[in-house]
Amino acid sequence: MNSDSYFQMILKEFKKHKMAVFGVFAIIFFALLAFSAPLITHLTNVSPNDQNVFNRYLPMFSKAAINNNDAEMRLEKYLKANPDVVKDIQTFQAKHPDYIWDEEVEEWPYDFLYFYSSIDEFKTTAKNSPLDGVQELVDLEKSFYRFHILGTDELGRDVLMRLIYGARISLGVGLFVAFISAFIGYLVGIISGYLSGTLIDTLLMRFTDSLLALPQLPLLIVFAAIDITKLPLLEDLVSKDSESFVKMIIVLSLFSWMTVARLIRGSILSVKEQEYITAAKAVGSSHLRTIFQHITPNIMGPLLVAVTLNIGNSILWEAALSFLGLGIQPPTPSWGNMLFNATEIIYESPSLAILPGIFIFITVISFNFFGDGIQQALDPKS
Amino acid sequence: MFQYIIKRLMQSLLTLLLLSFVCYFVLTLMPGDPVDMMAAGNPNITSEDMQRLKSLYGLDQPAYKRYLNWMGTLLSGDLGFSRTYKIPVSDILGPRILNTFYLSVFALVLSLLVAVPLGVYAAVHKGKLTDYLLNLFAFAGISIPSFWLALILILMFAVKAGLLPAGGTYSVGQDLEGFALVWDRIKYLILPVLSLSFMQIGTFERYTRGAMLEILNSDYIRTARSKGLEEKKVLFKHAFRNALIPLITVVAISFSYIFSGAIITETVFAYQGVGKSVYDSIKSNDFNVAMVSFMISMIMVFMMSLLADIFYAVVDPRIKY
């Protein structure tokens, strides 16, 4: 006897789809990355918006000094907080006049620290001070350099960090759009399907079909060009920073609910005539109760598939619009707008054009595989 | 049939009218009208001047009145002037329609030529390694961002290999004739067509495979096989021809995707087509060009899907409109 529950059966079927399992892991990985982005910034001290014009277009795996002003500020702050170290340096300078800081040769403040922390005589003097000045100076000197695993972009910002923060935007837009459009599509589909054959059904489906037949991108471009703060209702709700994010979600949701609506309507038509629905109606179940208690649980499967596929699609559209400069506005990083900046310098720095695309590609294909996996697992024929 | 075509045309016209109004209204929500932009560059302008200019150009009127005005001039055959280029809109868009037509038709033909054989092959070899690999390939086609693919193609063929031009429509300043002219145009079309067809190849391949599989499981194929017909004949005479019918619907739907893709492709490759002018005009707030190119793109998509539906009726004698 097979004692597996329904869920276990689905899971077993799902696991057979190797690429879908890969997709799930990739999605979890990106979600974790997006979720922990502020933590990563906190730990590594690298923020996605730190600019440094001297470190533009660095190749992968390069170490670079941070902004001169920042370094100076840090050093001064440290020296102010530790007068003992300053005293150490002064006594050392008095004792050894041959080790004098040469402004012409050395670069302030990077070499200053290197200069003192590498001289053995200074180390011995410093040992007398209550603070372990030398070790602290070495640490401080290290913090003047950043390691850019994936290099830097046209403003000297860390590419890896921007990609990680871009994941927040891409996944955020994708999830929001998929759920909002699933909600709209569910409503339209359920009304249309439950009232099939009536005028309301005909009107709703005509509208859905004509929206489906339109080329999406021209419409999206037109709608994305709107200044949403000109709309009365949204003006107060949306702040300047999140404007493009909210706009993306609204615009994409407007044009991605149609497939869900069609699918839900179709499922309802097939479920509606089943005997258990007739039975439910016969015992006096109200319309709403029939819809929510009896019909909805039976169309969850196709709905889940549609939502998953919609996430992938929305991520693609968001990236396309941001790539065209109409989506997420800089300085907020999104995979699409990183590519927008990269096109101008594709000759000098091809990795800037390759990396964000790989991220988009892997995320979208993972969602597509995931959706395909659920579909196959739910399909009793396969 | 004739009645059906008339009905479809009327429907398209109605949708087009509705859409043009929505689009017009939405475009008025774009930041900045031309008088505002003029004023931004001129500190001497007074608010009275601005008011006068606005009423001169009719910009102080409500959106629906401006729309009716615009529609009136459009119907009298005047497409208006481009704000950016200061020349009539028809002069800008005329040659561009043809360019976009070349790009989308070549992309469609190429993707069908590649995808249909692959789909049939995958269906016949269901469950084998090649089927699995083709499935991966199709998924990659659906999931790859077309603009990124375009960038990668530019990197590979234009930057690294230097074989093909990175962008443009034709070589400027050369008086080419005959075959040289055709070859020149083709050189500029190869990369855009490749990047535009890749996504369609994935979609078409999956649909062809699905349609083939369904038909291979049907009763008449079993009959054909059981009466001893050779496999080749079963596949190509019985199965393949019937699998083509659902594919036509998919092709009809795909026109709107191809057109969406054309906007991106034309922009990346700086190819002078309608798609690029939709994008450029909206970015530079060039109202007349934006409206007309938007309408043209919609008309193109409607016409193509109508053609596909008519073709559908021709191929499948069971369908009567």
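Each chain gets a letter, A, B and so on, in the order the sequences are listed, and its residues count up from 1.
At a 4.5 Å heavy-atom cutoff, the contact between A/Ile358 and chain B is made by backbone and side-chain atoms alike. Interface residue A/Trp317: only side-chain heavy atoms are found under 4.5 Å from chain B. Looking at A/Leu219, the atoms closer than 4.5 Å to chain B (heavy atoms on both sides) sit in the backbone and in the side chain alike. Heavy atoms closer than 4.5 Å to chain A are found in the side chain of B/Leu19, but not in its backbone. Heavy atoms closer than 4.5 Å to chain A are found in the side chain of B/Phe302, but not in its backbone. For B/Tyr24, no part sits under 4.5 Å from any heavy atom of chain A, backbone or side chain. Interface residue B/Ile144: backbone and side-chain heavy atoms are both found under 4.5 Å from chain A. In this structure, chain B has heavy atoms under 4.5 Å from both the backbone and the side chain of A/Phe369. Both the backbone and the side chain of B/Ala140 come within contact range of chain A, judged by heavy atoms closer than 4.5 Å. At a 4.5 Å heavy-atom cutoff, the contact between B/Phe139 and chain A is made by backbone and side-chain atoms alike.
Using a 4.5 Å cut-off on side-chain heavy atoms (C-beta onward), A/Ile360 and B/Trp148 make no contact. Counting heavy atoms from C-beta outward, A/Pro215 and B/Tyr257 have side chains that stay 4.5 Å or more apart. Within the 4.5 Å cutoff, the side chain of A/Val364 has no heavy atoms near those of the B/Pro145 side chain. Proximity of A/Leu316 to B/Met199: side-chain heavy atoms (C-beta onward) are nowhere separated by under 4.5 Å.
Distance check, rounded to the nearest 0.5 Å: CG of A/Asp209 to OG1 of B/Thr15 gives 11.0 Å. Interatomic distance, A/Ile354 CD1 to B/Leu151 CG, rounded to the nearest 0.5 Å: 9.5 Å. Considering CG of A/Leu324 and CD1 of B/Ile263, their distance stands at 8.0 Å, rounded to 0.5 Å. Between B/Leu18 atom CG and A/Phe207 atom CZ the span is 8.5 Å, to the nearest 0.5 Å.
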> side-chain contact (heavy atoms from CB on, under 4.5 Å) between A/Phe223 and B/Val22: does it pass, once the steps are laid out?
Replying inline: CA-CA 10 Å; A/Phe223 275 79; B/Val22 172; 4.1 Å; yes
> Which is it for B/Phe259 and A/Leu217 under the side-chain contact (heavy atoms from CB on, under 4.5 Å) test, yes or no, and what are the steps along the way?
Replying inline: CA-CA 8 Å; B/Phe259 198 81; A/Leu217 197 60; over 6 Å; no
> So B/Ile142 and A/Ile365, side-chain contact (heavy atoms from CB on, under 4.5 Å) or not? Walk me through it.
Replying inline: CA-CA 8 Å; B/Ile142 297 165; A/Ile365 206 170; over 6 Å; no
> Going through the checks in order, is the side-chain contact (heavy atoms from CB on, under 4.5 Å) test met by B/Met291 and A/Val222?
Replying inline: CA-CA 10 Å; B/Met291 276 307 289; A/Val222 169; over 6 Å; no
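Per-residue counts of heavy-atom pairs under 4.5 Å with chain B were compared for A/Gly312, A/Ala320, A/Pro356; the largest is that of A/Ala320. Contact tally against chain B (heavy-atom pairs below 4.5 Å) for A/Leu212, A/Asp372, A/Leu326: the top residue is A/Asp372.
A 6.0 Å sphere centred on CD of B/Gln11 holds more than 12 heavy atoms belonging to other residues, nucleotides or ligands. Within 6.0 Å of OH on B/Tyr207 lie no more than 12 heavy atoms contributed by other residues, nucleotides or ligands.
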